[in-house]
Asker: 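Can you keep this structure in mind? I'll have questions shortly.
Worth saying up front: this structure is predicted, and the values here are computed from it rather than measured.
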Amino acid sequence: MAPWKALPEHLDPQAGRLVDRLRRLKDATGLSFTALATRTSYSRSSWERYLNGRKLPPADAVTELAVLAGADPDRMLALHTLAAQTWTGPQPKDAATPDTSGAGPEPTEPEPEPDPGAAPEAAATAPAPAPAEPDTPAAVPPALIGEPDVPAEPVRARPARRTLLAAGGALVVVAAVLAVVVTLVLPGRGSAGAGEEEHRRTATEEFAFKPDRTYDCDIHRFEGRLYAGHSDTQDALLQQISTTWEVVEAQCLLEHRGYRIGGIDGAYGPATERAVKRLQDKEGLVVDGIMGPHTWEALRR
């Protein structure tokens with residue numbers, strides 16, 4: 001397989017890391033640019049631009065290539081999100097790039113993007129929806145037309161009312177008894193537990209990174225430590241490109257402590273790393289931008 005060209009000088013490290021990882025995935029598939037175009041929703045010329053660093057690939061293209069290569073799409077989307085924040089430089093429109101896969105030159109195609117297929121044609125031939133018919137009143141049974149109103153018999157309703165009132169009174173008594181039991185028996189619920197710290201609340205679903213999703217923070221204390229409701233870890237190692245609930249937890253606590261990072265998205269990017277370094281510097285720790293046991297201890301105080 002022919003060697004790749006050097007990336008443009010205007011690409012920053014995050015963008016270069018994304019393109020380099022995409023190149024490795026393409027090499028892993030063993031597909032040429034032409035074959036890659038037939039297996040995805042994007043043309044050969046588009047893949048040439050994406051993999052030579054001339055244009056930021058869309059998130060869908062990154063996902064399709066990751067699936068073809070058997071890689072983790074979530075991890076690749078995290079790389080794409082970080083690269084999109086800093087992608088700069090010229091964006092050539094029609095310059096052709098030689099095929100480095102050995103499949104031979106092809107004419108440059110218009111900018112790709114997913115093939116809409118037969119959707120327009122189907123829309124043109126689809127029959128117009130039938131106009132909604134006006135609402136019509138329901139038919140009245142003939143037997144009820146013109147008949148005088150018949151008063152209800154009050155005598156039969158009284159026993160039912162008495163039964164409902166008795167049942168309601170019984171429920172009130174049961175509820176009062178249960179409230180007393182809960183107050184006396186369960187710890188931390190009555191006056192004896194007033195002012196005690198809340199229990200930790202942590203996320204239970206499996207984390208899946210989504211570029212446009214942000215998370216709320218449930219800041220509370222438990223046994224003297226701060227928690228944000230997403231993880232109770234004390235020693236998880238986090239660094240750039242990590243995408244986990246532990247990252248969400250760290251981002252929430254950093255924001256709560258005044259170290260601004262922007263959005264709580266679960267991706268350990270440059271902004272999160274800078275906030276961690278500021279915390280480490282203030283607490284007298286090793287300033288390496290990596291979340292470890294000592295940094296977690298300082299963050300949860």
Side-chain angles (χ1 to χ4, degrees), residues 72-75 77-82 84-85 174-301:
D72 182 6
D74 288 344
R75 187 174 179 84
L77 284 175
L79 282 172
H80 179 272
T81 298
L82 297 175
Q85 296 174 355
V174 172
V177 172
L178 288 177
V180 173
V181 172
V182 169
T183 302
L184 297 177
V185 176
L186 295 183
R189 296 294 181 181
S191 58
E196 292 187 1
E197 298 166 322
E198 295 179 325
H199 289 286
R200 288 172 291 179
R201 299 181 290 277
T202 58
T204 56
E205 62 180 290
E206 183 178 354
F207 183 83
F209 176 75
K210 297 179 181 179
D212 299 328
R213 181 176 178 182
T214 57
Y215 300 89
D216 296 327
C217 302
D218 179 17
I219 303 296
H220 58 280
R221 281 192 177 274
F222 176 71
E223 295 182 351
R225 294 179 180 271
L226 274 178
Y227 294 90
H230 299 288
S231 173
D232 60 359
T233 183
Q234 305 292 334
D235 53 9
L237 292 177
L238 306 176
Q239 55 188 338
Q240 284 222 36
I241 312 304
S242 298
T243 54
T244 62
W245 282 119
E246 285 74 20
V247 176
V248 179
E249 179 81 3
Q251 290 176 332
C252 285
L253 296 179
L254 287 167
E255 285 278 351
H256 178 72
R257 297 286 298 275
Y259 300 97
R260 302 304 178 194
I261 59 173
I264 310 299
D265 58 4
Y268 199 108
T272 303
E273 184 180 71
R274 287 193 296 269
V276 170
K277 286 182 177 179
R278 292 198 300 271
L279 170 70
Q280 291 171 333
D281 182 62
K282 181 179 179 181
E283 298 292 335
L285 303 174
V286 176
V287 182
D288 56 7
I290 298 176
M291 286 292 302
H294 297 298
T295 307
W296 278 111
E297 181 179 358
L299 190 58
R300 292 198 186 276
R301 289 175 187 165

Asker: For the CG atom of L299 and the CD atom of Q234, what is their distance to the nearest 0.5 Å?
Answerer: 10.5 Å
Asker: Checking E283 against R301 for the salt bridge (Lys or Arg N to Asp or Glu O under 4.0 Å) test, could you report, in this order, the C-alpha distance in whole Å, the side-chain angles of both residues, the deciding distance, and whether it holds?
Answerer: CA-CA 11 Å; E283 298 292 335; R301 289 175 187 165; 3.0 Å; yes
Asker: Tell me, which pairs form a salt bridge (charged side-chain N to carboxylate O under 4.0 Å, His left out) where one or both residues lie in residues 285-295, sequence neighbours left out?
Answerer: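 Qualifying pairs, neighbours excluded: none.
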Asker: Are V247 and F209 close enough that some pair of their side-chain heavy atoms sits under 4.5 Å apart?
Answerer: no
Asker: Quick one: are Y227 and D232 in side-chain contact, heavy atoms under 4.5 Å?
Answerer: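 A side-chain contact under 4.5 Å exists here.
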Asker: I need the minimum non-hydrogen distance between I261 and A275, along with the two atoms involved.
Answerer: CG2-CB, 3.4 Å
Asker: Do H256 and C217 make a side-chain contact, defined as non-hydrogen atoms from C-beta onward lying under 4.5 Å apart?
Answerer: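 Of all side-chain heavy-atom pairs linking C217 with H256, none is under 4.5 Å.
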Asker: Do R260 and E255 have side-chain heavy atoms sitting under 4.5 Å apart?
Answerer: yes
Asker: How close do H220 and G229 get, counting heavy atoms only, and between which atoms?
Answerer: CE1-N, 3.9 Å
Asker: Just grab all the salt bridge (charged side-chain N to carboxylate O under 4.0 Å, His left out) pairs involving residues 270-279, residues at least two apart or on different chains.
Answerer: none
Asker: How about T243 and Y268: do any of their side-chain heavy atoms sit closer than 4.5 Å?
Answerer: no
Asker: Decide yes or no for R300 and T233: does some side-chain heavy atom of the first lie under 4.5 Å from some side-chain heavy atom of the second?
Answerer: yes
Asker: Can you name the nearest heavy-atom pair linking H230 to D216, along with the distance?
Answerer: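 That closest heavy-atom pairing would be NE2-O, 2.7 Å.
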Asker: Would you indicate whether the side-chain heavy atoms of R257 and L226 approach each other to under 4.5 Å?
Answerer: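 A side-chain contact under 4.5 Å exists here.
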Asker: Grab the two heavy atoms, one from A267 and one from T272, that are nearest each other, plus how far apart they are.
Answerer: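 In terms of heavy atoms, the two residues are closest at O-OG1, 3.9 Å.
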Asker: Classify the ring geometry of F207 against Y215: parallel below 30°, tilted from 30° to 60°, perpendicular beyond 60°.
Answerer: tilted
Asker: So D265 and Q251, side chain to side chain contact (heavy atoms under 4.5 Å, CB included) or not? Walk me through it.
Answerer: CA-CA 8 Å; D265 58 4; Q251 290 176 332; 3.3 Å; yes
Asker: Evaluate side chain to side chain contact (heavy atoms under 4.5 Å, CB included) for T295 paired with L238, printing each intermediate quantity in order.
Answerer: CA-CA 10 Å; T295 307; L238 306 176; over 6 Å; no
Asker: Indicate the atoms forming the closest heavy-atom contact of I290 with Q280, along with that distance.
Answerer: O-NE2, 3.1 Å
Asker: What are the two closest heavy atoms between K282 and Y259, and how far apart are they?
Answerer: CD-OH, 3.1 Å
Asker: Check the pair L237, M291 against side chain to side chain contact (heavy atoms under 4.5 Å, CB included), reporting the backbone distance first and the verdict last.
Answerer: CA-CA 5 Å; L237 292 177; M291 286 292 302; over 6 Å; no
Asker: Please report the interatomic distance CD(E297) to CG(L285), rounded to the nearest 0.5 Å.
Answerer: 8.5 Å
Asker: Roughly how far, to the nearest 0.5 Å, is the CD atom of E249 from the CD1 atom of I264?
Answerer: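 Going from the CD1 atom of I264 to the CD atom of E249 covers 10.5 Å.
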